[in-house]
Each structure stands twice: as C-alpha cells, then as structure tokens.
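A short worksheet on the structure shown next.
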Amino acid sequence: MANSISNTTIVMPGERVTSIEDLAKSKRVILGPGLRRLDDTVVASKAGPLRHKDPNTFWVDNYQRRYVPARGDLVLGLVKAKAGDLYRVDIGSADTASISFLAFEAATKKNRPDLNPGDLIYARVLNASADIEPELVCVNSNGKRGKLGVLSDGFFFKCSLNLGRVLLRENCPALTALTRQLPYEIAVGVNGRIWLKARSMRETMALSNSILSLEQTNYSQIDRICGDLGEVLQE
Amino acid sequence: MNEIATDKGKVPNDKLREMRCEFNPLSRCDGSVMYSQGSTVVIAAVLGPVEVKTQSLSIDGSYLECNYRPKAGLPQVKERIRESVIQDVLELAVLGESYPRSKMSVQIQELEDRGSIDACAVNAACLAMIIGGLPMKYSFAAVQCIINEDGEYILDPDQRETLHQRASFTFAFDSLEGDLLLVQTKGSFKIAQFNDIECLCRSASANIFQFYRDNIAKYHGRKSSPTSDVKEMETET
C-alpha cells in the first residue's frame, strides 16, 4: 500500500505528525500508544519509529521496560499475598493487580484454588485503566482455563516490552529456531516477563540466554546464535 | 573535545563540546543513559510509573521526584538546588496526567564534573525519560554559556574556562518552538549580553535536539536488518 510514512521514520516527543493529520481528513484514523491528539493536530508523546498497520492504525514503537496495564492483555504475574477473597499479584505495573479466588476454573466458595505467595500465574487483564487497580482472571468468558493458570517449576526472567511483543508474534522465527534445537515450554507475558521450562537447568539457562540476546541482535543472527545450541549442550 | 587555550585573543568558542551517550547501561531501572559533554559525564536513570507514598499521591497526575548525587561526598544544599531546578524543568515537559496516583523518579549521578554540569544533568534527564518510555509534551535541551574576563562568550565551557568567568548562564529550551524553560544566571552582565547569549544558546540547542534524534534512531536501528519489522504485531491471542 502506498503510504508516505516509511517504517523507519523516527518521531520525537512533541513532534507533529502531519502525514497522519492529512489522512485523518478523509477517513477515520486510530492513534495507538505514543501518539495523542491535540485539537486538530496529532502529536507524538514518545520517541521511536512510527509504525503503521493497514488501513489506518498508527503508533510509536518506543523502547520500554515498564508495563502499563491494558484490558485484554495476557500477563505473567507473581502472587504477592492473600487478602481475604483476593490475591495480590505483581504484574510489573505501578499498582499491584488483584485476582479473585473465584476467577479460576472450577473454583467455588468452598473449593478455593491452591495458590500461595510466590506462585507464578499466567492471567488475562480483565479491567485496567489509569484510575483503577488492574484486575486479572485466569479463566476465559466460558469459565474454562485454556492456557491460563498457575505455572510450576521452570525459570522466570524479565525482558523489555518490545522483546515480549516480538516473541508473541505468530510463528515467531526466533522461537521456531529454538524449537528445532531443544524442546521447551514457554509463556510470554505482554508485561515483559517470560517463563521457560526445559528438560534440565543447563538447557533452560541456554535457552533464556539466547532469548535475552535477541534484545541486541536481529533475526538474521538467530541461527548463528542458536544454531549449535543442541550440540553444545550434549557435551 | 575543543581545545581552547586560556590565553587572550582567542576566537570565542561557539561550539558545543562533543556529546556522547550510551543507552541502558543499568539493568534494574526502567530507562537509563550515560551522557557526556566533553569530559563532563553523568548517568541518569528513570523509574516509573511506580507506586507512590500516600502523602505525595495525586489523583490528577503523577508525582515527579528528582535525585542528584555528586561524585564525592553527601548531597549538600547545592545538590538540592540542582534537584529542584531539574524537577521544575521535568514537570513542564512530562505528561503527568497519563499516570495518576503514581510516581516518576529520576536519579542523576554525577560521574565527572568538568564544566557545565547543570546543562549536562538536564540533558541526561531528558534522554533518560525518552528511553524510559515516559510520555512527554516535548523534549528539552540545556546549554551553558559564560562571559570570560575579556568579555568573550564561551559556549559549553570547560572546567579551566570557568575558573575566571565574569558571568555564567544556563538556559533550557523546548523542542517545539524553542521556548525558554529554565534561566539560571550567576555573575554580573548587561541585558544586551544576556539577550545575545540567549540567542547563541538557542541555536546551539538545535544541535542537541539533533543529537537526541540521531541517537534514538541509532538505538532503534541497532538490530538493523533489511527485512526489519514492517509486519503488525498482534498482542491479543
């Protein structure tokens, strides 16, 4: 699609993006993170490459480590405490999130889930906005757990939000390359947190180091980095 | 680095010293930068939005906290003055309304002070906020200029050049229209000199804004590949 914005245009905070304003004159435009509307102008509030998705969505792909919760996100949380009917879960945002004990599959008032402080859960953000504390659930709207719930064993580490989003792409080439080397289980949260489980501790560390190296390298070097992971670990 | 000898009769220095920056040298904060202007080096880190104490909690916006640590010794009153100066500039630039009931904390550690440390600290704070992903209304840049004993204007002075100064000025400008965000002066001067120096500093700040842009571009292009990320990312499964 012919558009005047190349995907490598860098915008700085305060910069007016006139190309979006021109487009908005003829059709509806969706402004994503990093862009805001000031009367009739579109101004960037963060620094980074300006990205575009057909037909009319724009956002700034800035580097960020701190997660700001949004509804519908899949996140990895660390249970901090039990407080009556809720668990307090740390998802890396400014406020601690809460999850009701009923928000688990087959949970009833008498049948509480077996969750303790220190457990890791993969949950979906039910409610989040700037003014409220985020709420999580471990079930979908049908009451089934799907892939959500407690994650046991394995290794937990943090990364930037950008890396998390890269890994969450469909058929992420990095994860496919790693699958060819070693079998593993992985859970990636939009909040820049990753849980990894492989057959042994050495393999888990090797895999987590390869994933973290993606922060600095790009896809073409994936095979070089992960290529002989399997053989190296056999020794 | 500019080599300007202190003997009389030299051409006034109207160029900024060489600037360098390295992003995210620290791993535990949300954004950090090691920034240098000539030999003056500073590390700035931001944390935020994070939880805030109830006494500083505001429902309208976030609470901005700034800490400056000198290279040696405990922070004294002059460090507190620097902190409040930097905090004032940051409060103008940051979009506090985005994250109510939270705190944004900026920590600045002086590694080496070889002239114009105030300007260096302000610039480092701006870069740290940019790489930390905090939303801002605009970016800002500070420039220091002195009038030496001969009445010459020296931009971005070195430690040696500030030894015998008649007056010193630190200005901070925004990136939108070059409005003044900060004015700090010391010493005696005429208003005509003040106006000249303000113009000199404003045109120098354009170089700093370009430096910010180039380094952000370089940081995002560090994984540069011809097949770079043009596709959309779906974060919902």
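Here the structure is a predicted model, which means the values were calculated and not measured. Note on naming: letters A, B, ... go to the chains in the order of the sequence lines (proteins, then strands), and numbering restarts at 1 for each one.
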Pairwise distance NZ(B:K137) to OG(A:S45) - rounded to 0.5 angstrom: 11.5 Å
Residues, nucleotides or ligands: over 12 heavy atoms within 6.0 Å of A:D40 CG: no
Closest heavy-atom pair and its distance - B:H220, A:D61: CE1-O, 3.4 Å
Toward chain A, the part of B:F23 with a non-hydrogen atom under 4.5 Å: neither
When B:S139, B:S102, B:G132, B:G48 are compared by non-hydrogen pairs under 4.5 Å with chain A, the top option: B:G48
Which atoms of A:V68 approach chain B - backbone, side chain, both or neither, heavy atom under 4.5 Å: side chain
Atom NZ of A:K82 with >12 non-hydrogen neighbours under 6.0 angstrom: yes
Top contributor to chain A contacts, counting heavy-atom pairs under 4.5 Å, from B:L176, B:D174, B:L47, B:N24: B:N24
Distance in Å, A:E15 CD paired with B:S175 OG, rounded so as to fall on 0.5 Å steps: 8.5 Å
A:M12 backbone acceptor or donor facing B:R213 side chain under 3.5 Å: no
Contact origin within A:R16 toward chain B - heavy atom pairs under 4.5 Å: neither
Under 4.5 Å from a heavy atom of chain B, the part of A:I132 involved: backbone
Exceeds 12 heavy-atom contacts within 6.0 angstrom, atom NZ of A:K197: yes
Ionic contact status for A:D131 with B:R101, cut-off 4.0 Å: no
Under 4.5 Å from a heavy atom of chain B, the part of A:A44 involved: backbone
From A:L161 atom CG to B:D30 atom CG, the distance as rounded to the nearest 0.5 Å: 9.0 Å
Short side-chain to backbone donor-acceptor contact, A:R66 and B:L134, under 3.5 Å: no
Proximity breakdown for B:I131 and chain A, heavy-atom pairs closer than 4.5 Å: both
Closest heavy-atom pair and its distance - B:P49, A:A94: O-CB, 3.3 Å
Over 12 foreign heavy atoms within 6.0 Å of CG, A:L38: yes
Minimum-distance pair of heavy atoms, taken over all atoms of B:I216 and A:A47: CG2-CB, 4.2 Å
Distance-minimising heavy-atom pair for B:S98 and A:A130: O-CB, 3.6 Å
Atom pair OH (A:Y63) and CD1 (B:I130), whose distance is rounded to the nearest 0.5 Å: 15.5 Å
Whether over 12 other heavy atoms sit under 6.0 Å from B:E51 CD: no
